[in-house]
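First comes the structure, then the notes that go with it.
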Amino acid sequence: MKDTEKRGPGGFALLRGVLAAALLLGLLGQGAPAQAAEEAMTGGGDAPRLLIPVGRAVGIKLFSDGVMVVGFSQIPAAGGSVVPARTCGLREGDVITHINAAEVDTIEEIQAELAKVGGEEMSIRALREGKPLQVTAQAVKCSTDGSYKLGAWLRDSMAGIGTVTYYDPATGQFGALGHGINDVDTALLMPLESGGILSATVTDVKKGERGEPGELHGDFDLSADIGRLWANTCHGIFGTLAQADLARMEPLEVASAGQVETGEALIYSNIAGEEVRPYTVEITKLHPDASDGRDLTVRVTDPALLEVTGGIVQGMSGSPIVQNGRLVGAVTHVLVGDPTQGYGILAQRMLNTAESCRKH
């Protein structure tokens, strides 16, 4: 990816009940060819799917399946500073799943096991790019606070704000973001153990400028989840809504790749309060050979949206794109050098990925 493009989702931030948005831009990966995706979506000749475009900003929280190593640090010990996690062979991006026989899914569980094992050798089981590995490590006693440490920075959860793309009234399922939730430090897809979405109210917008992407900020309701996540993929996050209150528009046919064309379109976004409004954009280029989810280039033309946001900002990721009465896809990227432009993913690609996840 060129250095003029912003990659993300940059990093979720969960601060005093406020979601600081950093959720526009995804690390997109290999997808199904357009023809195969279209066949899976239409059932090989059945009537096209009808989905409800949503466009609402929501709070998103994700708890990882295991604990990701995102960095290393020197531990001051009696014999000098050491980094046991690196010495034993762990790398950034590895996902720790077990210490000895104990399964670990949180940082607190790892801390408890280190306190139990102390300075004795331990077996660490982890995943590296989805493949299992096992290493032997020995924590050291930190001379500063007396606790046993491995010298690894860890992450077990992320939270932020993003936009729901569609709701399927036939199944109660939704798709959002159009890209995956990636760790801010390693840029790797976070393995999903559990997660949910929360009601959010957009409180203000940091306007995007050349070289500095803008972002949405919002308050969110911690009292209850309104949806459950079951997949975090490079083509979006997917789950089931507990209630259909977010879905207030009429269902639209999902456009096939061949039905998308350059020219005027609409995006539906929530940039103030809970209001979802349509804004005019232009699809300036199609990328039929794309395999990473950047299927089309979009330019914002709506004066009202440009006045408030400067174009595409972080947190608008997932805003549905509608053209000729069909659901085309979702906004996913912004060009840092020109925030009026960005990329989008086809809705059929998101839907195909979601259905593939459910089959497995």
Side-chain angles (χ1 to χ4, degrees), residues 9 12 14 17-19 21 23-24 26 49-62 159-181 192 194-203 205 216-233 235-254 266-279 305 313-322 325-332 344-345 347 350-351 353-355 357-358:
F12 293 93
L14 184 58
V18 176
L19 284 171
L23 253 193
L24 177 63
R49 290 283 292 275
L50 295 176
L51 300 177
I52 298 176
V54 178
R56 270 289 301 276
V58 294
I60 302 170
K61 59 182 182 179
L62 179 151
I161 190 170
T163 299
V164 177
T165 305
Y166 69 78
Y167 172 73
D168 186 343
T171 63
Q173 297 170 10
F174 70 88
L177 301 186
H179 62 70
I181 297 175
L192 176 67
S194 62
I197 61 173
L198 310 165
S199 293
T201 302
V202 178
T203 56
V205 179
L216 302 180
H217 298 120
D219 292 335
F220 60 100
D221 183 358
L222 290 172
S223 61
D225 292 356
I226 60 174
R228 176 182 62 87
L229 295 182
W230 41 256
N232 177 32
T233 80
H235 294 150
I237 61 172
F238 304 99
T240 304
L241 283 181
Q243 50 192 2
D245 293 353
L246 293 181
R248 298 177 181 177
M249 288 185 269
E250 292 298 315
L252 297 180
E253 176 184 322
V254 176
L266 296 173
I267 62 170
Y268 286 82
S269 292
N270 174 195
I271 63 170
E274 298 180 0
E275 180 186 21
V276 177
R277 289 183 54 189
Y279 299 96
L305 186 59
V313 299
Q314 299 182 65
M316 286 171 59
S317 176
S319 295
I321 304 170
V322 174
R326 299 185 182 94
L327 177 61
V328 168
V331 175
T332 57
I345 184 173
M350 292 181 66
L351 186 58
T353 299
E355 293 177 342
C357 290
R358 294 303 281 178

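Because the structure is a prediction, the values reported are computed rather than measured.
I197 places a side-chain heavy atom less than 4.5 Å from the side chain of L229. Side-chain contact between Q173 and Y167 is absent, with no heavy atoms from C-beta onward closer than 4.5 Å. A 4.5 Å side-chain heavy-atom check between T233 and F238 finds at least one atom pair inside the cut-off. Side-chain contact between P53 and Y166 is absent, with no heavy atoms from C-beta onward closer than 4.5 Å. Contact check for I226 versus L198: no side-chain heavy atoms found under the 4.5 Å cut-off. Taking the side chain as every heavy atom from C-beta outward, I321 and T165 never approach each other to under 4.5 Å.
Residues in residues 171-180 take part in no salt bridge (Lys or Arg N to Asp or Glu O under 4.0 Å) pair, two or more places apart or across chains.
For E274 against R56, the heavy-atom pair with the smallest separation is O-CD, 3.3 Å. Listed here is the closest heavy atom pair of G178 and T332: O-CG2, 3.5 Å. Annotation for V164 and A176: closest pair CA-CB, 3.8 Å, computed over non-hydrogen atoms. Minimum heavy-atom separation, L252 to G325: CD2-O, 3.5 Å.
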Stepwise side chain to side chain contact (heavy atoms under 4.5 Å, CB included) test for L62 and L192: CA-CA 7 Å; L62 179 151; L192 176 67; 3.6 Å; yes
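Residues that satisfy the side-chain hydrogen bond (donor to acceptor under 3.5 Å, both in side chains) test with D168, not counting sequence neighbours, are R49, T171. Partners of S319 under the side-chain contact (heavy atoms from CB on, under 4.5 Å) rule, at least two apart in sequence or in another chain, are T163, S269, M316, V331. Scanning for salt bridge (Lys or Arg N to Asp or Glu O under 4.0 Å) contacts around E253 gives R326, with sequence neighbours left out.
Summarising the geometry, atom CG belonging to D225 is positioned 12.0 Å from atom CD1 belonging to I60; distances are rounded to the nearest 0.5 Å.
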Please output the side-chain donor-acceptor pairs of residues 240-248 that fall under 3.5 Å, not counting sequence neighbours, one pair per line with the distance.
from: T240; atom 1: OG1; to: W230; atom 2: NE1; distance (Å): 3.1
from: R248; atom 1: NE; to: D245; atom 2: O; distance (Å): 3.1

